[in-house]
Amino acid sequence: MKRIVSPLIWLFLLLFSLEAEATHLVGGFISYQYVGQGSAGTRYIITITAYRDCKQGSILLADDIDVCIYSRRDNSLLRAENFKIISRENVKPVGRTDCPEIANVCLEKGIYRKQIDLPNNSFGYFIQYQVCCRNTQVNLMNGSDGKPDMGQTYETIIPPTNVKNSSPFFTDVPVPFMCINDTTEINNYAIDPDGDSLVYKLATPWIGDNLSPGGCESYHIPPTPITRYVSGYSGNKPFGNSGIAIINSKNGVTTFLATQVGNYAIAIDLFEYRNDVLMSITRLDLQIL
């Protein structure tokens with residue numbers, strides 16, 4: 001970690017004044033494991049990993065969620081699958097852990113997992129989970145009522161079913177804490193079970209289901225990127241013109257610097273290649289505190 005002289009003012013202080021309407025979901029991604037041929041096609045184990053701010057009064061992780069499956073041939077909806085939560089545990093944040101305010105932070109990790117069979121095809125599938133709404137973010141505009149109204153979308157790609165592939169997955173807690181005016185390196189390391197090549201890129205986060213009500217039938221493929229940024233901020237400049245956001249495409253290490261206290265919405269796309277052929281893309285949506 002590289003630091004410059006700065007007051008130890010924590011970016012997460014805004015968490016203590018969040019609106020009750022927020023989901024308090026602060027990061028997550030989808031991964032899958034290839035199992036083999038099942039009774040109704042190719043069998044996969046799908047996992048949704050989600051993180052929430054679990055301070056007193058925050059909204060709990062849902063006991064079950066709907067996950068949408070789309071064909072890559074024409075983006076049509078195959079079906080929705082209901083996933084049950086299988087585990088909950090408190091986890092420690094990454095980043096700056098040497099300030100006393102860290103004792104007031106609560107972060108919970110939830111795992112949703114299900115084994116499903118997908119019809120064999122030569123196109124593959126999109127696996128998607130959408131949720132409402134983000135916490136208040138420095139770089140995103142709130143709704144007309146002054147409260148956050150942009151949700152989150154997690155997505156991964158399954159290649160043609162004749163390709164035996166399991167997706168990469170992120171190993172660290174994707175909710176970093178850092179101080180303002182402090183240049184910080186965060187590890188976003190991922191592992192690929194098949195040993196495929198991985199490429200990391202910063203991306204513009206997607207909105208969630210609160211702006212496309214009606215469930216999987218009304219969601220978009222590809223998902224809709226956020227456009228309502230506060231002036232001076234964007235997907236490429238999540239910390240504004242005075243901040244820094246750089247990612248090492250080979251190992252996922254990010255270099256961040258923010259000059260204003262608060263939360264920041266960021267996304268990282270993980271591209272998986274095998275012999276120069278794209279196998280999958282996995283989206284990590286995260287909140288920098």
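We count residues from 1, following the sequence as given. Keep in mind the model is a prediction, meaning the values are calculated, not measured.
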Is it possible for you to say whether L286 and Y189 belong to one hydrophobic cluster, with membership spreading through side-chain heavy-atom contacts below 4.5 Å? yes

In terms of hydrophobic clustering (I, L, V, M, F, W, Y; side-chain heavy atoms under 4.5 Å; direct or indirect links), are V35 and Y125 co-clustered? no

With clusters defined by side-chain heavy atoms of hydrophobic residues (ILVMFWY) lying less than 4.5 Å apart, directly or transitively, does I186 cluster with L202? yes

Measure from the side-chain N and O atoms of R88 to the backbone N and O of E108, and report whether any donor-acceptor pair falls under 3.5 Å. no

Give the minimum heavy-atom separation between S167 and P193, together with the two atoms involved. O-CD, 3.2 Å

In Å, rounded to the nearest 0.5 Å, how long is the span from CG of N142 to CD of Q137? 9.0 Å

Please check if atom CG in N90 has more than 12 non-hydrogen atoms from other residues, nucleotides or ligands closer than 6.0 Å. yes

For Y44 and Y34, take the angle between the two ring planes, folded into 0 to 90°, and tell me which bin it lands in: parallel under 30, tilted 30 to 60, perpendicular over 60. perpendicular

Same apolar cluster (I L V M F W Y, side chains within < 4.5 Å links), L77/W206: no

Within the distance-only criterion (no hydrogens, no angle test), does the side chain of K109 pair as donor or acceptor with the backbone N or O of T49 below 3.5 angstrom? no

Check step by step if side chain to side chain contact (heavy atoms under 4.5 Å, CB included) holds for Y233 and V138. CA-CA 9 Å; Y233 297 88; V138 170; 3.5 Å; yes

Distance check, rounded to the nearest 0.5 Å: Y229 atom OH versus N236 atom CG? 8.5 Å

Rounded distance (nearest 0.5 Å) linking atom OG of S71 with atom CD1 of I158: 11.5 Å

Using the rule that Ile, Leu, Val, Met, Phe, Trp and Tyr join whenever any side-chain heavy atoms are under 4.5 Å apart, tell me whether Y273 and I281 fall into a single cluster. yes

Got more than 12 heavy atoms from elsewhere within 6.0 Å of NZ, K237? no

How are the rings of F29 and F170 set relative to one another: parallel (under 30°), tilted (30 to 60°) or perpendicular (over 60°)? perpendicular

What do the steps show when you test I111 against T47 for side chain to side chain contact (heavy atoms under 4.5 Å, CB included), and what is the final call? CA-CA 7 Å; I111 299 291; T47 301; 3.9 Å; yes

Kindly say whether G252 contributes a backbone atom to a donor-acceptor pair with the side chain of N188 at under 3.5 angstrom? yes

